[in-house]
Protein chains: 2
Amino acid sequence: MVDYDDISRCDCTVIHEDVVNRVKSNMPPDERLYDLAELFKVFGDTTRVKILWALDESEMCVCDLAVLLNMTQSAVSHQLRVLKQARLVKFRKDGKNVYYSFDDDHVKSIFEQGLLHISEG
Amino acid sequence: MVDYDDISRCDCTVIHEDVVNRVKSNMPPDERLYDLAELFKVFGDTTRVKILWALDESEMCVCDLAVLLNMTQSAVSHQLRVLKQARLVKFRKDGKNVYYSFDDDHVKSIFEQGLLHISEG
DNA sequence: TAATCACATGAACAGTTATTCATATGTTCA
DNA sequence: TGAACATATGAATAACTGTTCATGTGATTA
């Protein structure tokens with residue numbers, strides 16, 4: 001049944017109530033889809049994609065990444081924080097340096113699927 | 001060899017030149033990584049994720065989606081345009097209605113990989 | 001111990017984006 | 001033909017985001 005308390009913001013009439021109800025009952029909870037979007041938001045930035053791609057190739061320190069990407073150390077550091085929070089990279093400290101590396105098995109395959117999509121243009 | 005013309009904005013010294021050079025030579029071209037980020041940017045919004053998830057379940061018209069998501073028809077329509085531009089959904093017209101449906105084989109598997117990641121928290 | 005280096009971080013700013021509102025287009029039907 | 005409906009779209013606005021700048025922290029070394 002359509003929950004009419006929930007459709008207050010919608011300015012349409014319900015055309016296919018059966019479809020809406022079926023789809024609604026099969027949808028993952030909002031929170032889950034929100035988390036999913038949050039994850040993809042992390043991938044939705046060229047700098048972060050480059051960093052992830054680089055770290056999949058080799059462990060690198062912040063300075064190396066800054067040189068590679070031709071960006072300030074600060075900008076790279078800010079983005080690494082985002083990647084860290086999303087549990088996509090890990091790091092180890094060695095003296096003054098901090099070495100970042102890849103920390104996820106799924107990301108590469110997500111990227112590969114993404115590349116398949118944009119290749120079919 | 002490090003291209004010193006390219007590191008003007010970096011305030012670091014090159015620490016591991018060999019690593020930087022190797023990684024740089026293996027990186028896909030900037031344009032490709034940019035396109036990849038643009039694709040993920042599309043997935044980086046809860047509304048669009050919900051729409052894609054719904055359309056994977058069933059073809060739906062704009063009003064149905066608006067009801068399902070408890071959003072205005074206008075908001076949904078704007079997002080459908082984004083999805084259309086990214087070639088993630090297709091549509092067919094039938095009278096006054098426009099029916100949207102899924103148009104990509106990779107997206108679902110991208111989503112599934114994403115769910116794997118957020119499930120491991 | 002003082003200087004230097006690698007890195008982190010808060011504040012600020014500019015650019016982007018999602019939604020809303022108003023309105024336009026095109027179809028159906030009385 | 002005119003009213004009603006489904007959808008699209010441009011403009012405006014509020015919220016968000018990525019980079020820069022200035023500065024702080026902690027480790028090294030002269």
Side-chain angles (χ1 to χ4, degrees), chain A residues 7-16 19-20 33-34 37-51 59-86 89-101, chain B residues 7-16 19-20 33-34 37-38 40-52 59-86 89-101:
Chain A
I7 62 173
S8 48
R9 296 170 69 202
C10 171
D11 47 0
C12 301
T13 53
V14 183
I15 303 182
H16 306 93
V19 174
V20 172
L33 295 178
Y34 175 82
E38 286 302 300
L39 174 64
F40 287 125
K41 207 170 281 182
V42 175
F43 299 145
D45 175 79
T46 311
T47 298
R48 288 192 293 266
V49 166
K50 286 179 182 173
I51 291 177
E59 174 187 75
M60 294 180 85
C61 68
V62 181
C63 260
D64 289 342
L65 284 168
V67 172
L68 175 70
L69 305 181
N70 187 30
M71 294 178 63
T72 64
Q73 169 270 318
S74 179
V76 171
S77 192
H78 277 297
Q79 298 299 359
L80 283 169
R81 186 165 55 84
V82 175
L83 295 172
K84 223 186 316 181
Q85 282 170 348
V89 302
K90 58 190 175 195
F91 64 96
R92 67 178 176 86
K93 298 188 179 181
D94 181 23
K96 286 181 295 185
N97 298 317
V98 178
Y99 292 90
Y100 283 86
S101 60
Chain B
I7 64 173
S8 47
R9 298 170 68 202
C10 171
D11 48 1
C12 301
T13 52
V14 182
I15 302 183
H16 305 93
V19 174
V20 173
L33 296 178
Y34 176 82
E38 287 301 301
F40 287 125
K41 207 170 282 181
V42 176
F43 299 145
D45 176 80
T46 311
T47 298
R48 289 191 292 265
V49 166
K50 286 179 182 174
I51 291 177
L52 288 172
E59 174 186 76
M60 294 179 84
C61 69
V62 182
C63 260
D64 290 342
L65 284 167
V67 172
L68 175 71
L69 305 181
N70 187 29
M71 294 177 63
T72 63
Q73 169 271 320
S74 179
V76 171
S77 192
H78 276 298
Q79 297 300 357
L80 284 169
R81 186 165 55 84
V82 175
L83 294 172
K84 224 185 318 182
Q85 282 170 349
V89 302
K90 60 189 175 196
F91 65 96
R92 69 178 175 86
K93 299 187 179 180
D94 180 24
K96 285 181 295 184
N97 296 318
V98 179
Y99 292 90
Y100 282 85
S101 59

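Chain identifiers are assigned alphabetically (A, B, ...) following the order of the sequence lines, protein sequences preceding nucleic acid strands; residue numbering begins at 1 within each chain. Heavy-atom basis, side chains included; hydrogens, waters and symmetry copies ignored.
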Are A:Met60 and B:Val20 packed together at the side-chain level, in the sense that at least one heavy-atom pair is separated by less than 4.5 angstrom? yes

To the nearest Å, give me how far apart NZ (B:Lys93) and C1' (D:dT7) are. 9 Å

Need one value for A:Lys41: base, sugar-phosphate or nothing, where a base atom within 4.0 Å counts as base even if backbone is also close, heavy atoms only. sugar-phosphate

From NE2 of A:His16 over to C1' of D:dC5, roughly how many Å is that when rounded to an integer? 14 Å

Let's see if you can work this out: which of C:dA6, D:dG10, D:dC21 has an atom nearest to the side-chain heavy atoms of A:Ser74? D:dC21

Check: C:dA18 base within 3.5 Å donor-acceptor of B:Gln79 side chain: no

Between C:dG26, C:dT19, D:dA8, which one does the side chain of B:Lys84 approach most closely? D:dA8

Looking at B:Thr72, does any N or O in its side chain come under 4.0 Å of the phosphate oxygens OP1/OP2 on C:dT19? no

Think B:Arg48 has a side-chain N or O under 4.0 angstrom from the OP1 or OP2 of C:dA18? yes

Across the strands shown, which category fits A:Phe91 at heavy-atom distances under 4.0 angstrom: base, sugar-phosphate, nothing? nothing

Could you tell me the separation between the CG atom of B:Asp64 and the C1' atom of D:dC5, rounded to a whole number of Å? 14 Å

Using whole Å, what does the distance between atom C1' of nucleotide D:dT25 and atom CD of A:Gln73 come to? 12 Å

A side-chain contact here means heavy atoms from C-beta on lying under 4.5 Å apart; do B:Leu65 and B:Met71 qualify? no

Mind telling me whether B:Phe91 and B:Tyr100 have parallel, tilted or perpendicular rings, with 30° and 60° as the class edges? tilted

A:Arg48 side-chain N/O to A:Lys41 backbone N/O, donor-acceptor pair under 3.5 Å: yes

Neighbour count >12 (heavy atoms, 6.0 Å) for atom NZ, B:Lys93: no

Are the ring of A:His78 and the six-membered base ring of D:dT19 within the stacking cut-offs of under 5.5 Å and under 30°? no

Indicate whether OP1 or OP2 belonging to C:dA6 is found under 4.0 Å from a side-chain N or O atom of A:Tyr100. no

5′-ward residue of the pair A:Glu38/B:Val98 relative to DNA chain D: B:Val98

Return whichever of A:Gly95 or A:Thr47 has its heavy-atom-nearest nucleotide of DNA chain D closer to the 5' end. A:Thr47

A:Tyr99 OH to C:dA6 C1', in whole Å, measures 10 Å

Could you tell me the separation between the CZ atom of B:Phe40 and the C1' atom of D:dT17, rounded to a whole number of Å? 19 Å

Distance, rounded to the nearest Å, where A:Asn97 contributes CG and D:dT28 contributes P: 10 Å

B:Lys96 NZ to C:dG26 P, straight-line distance once rounded to whole Å: 16 Å

Kindly point out which of C:dA8, C:dA6, D:dA8 is positioned nearest to the side chain of A:Ser77? C:dA8

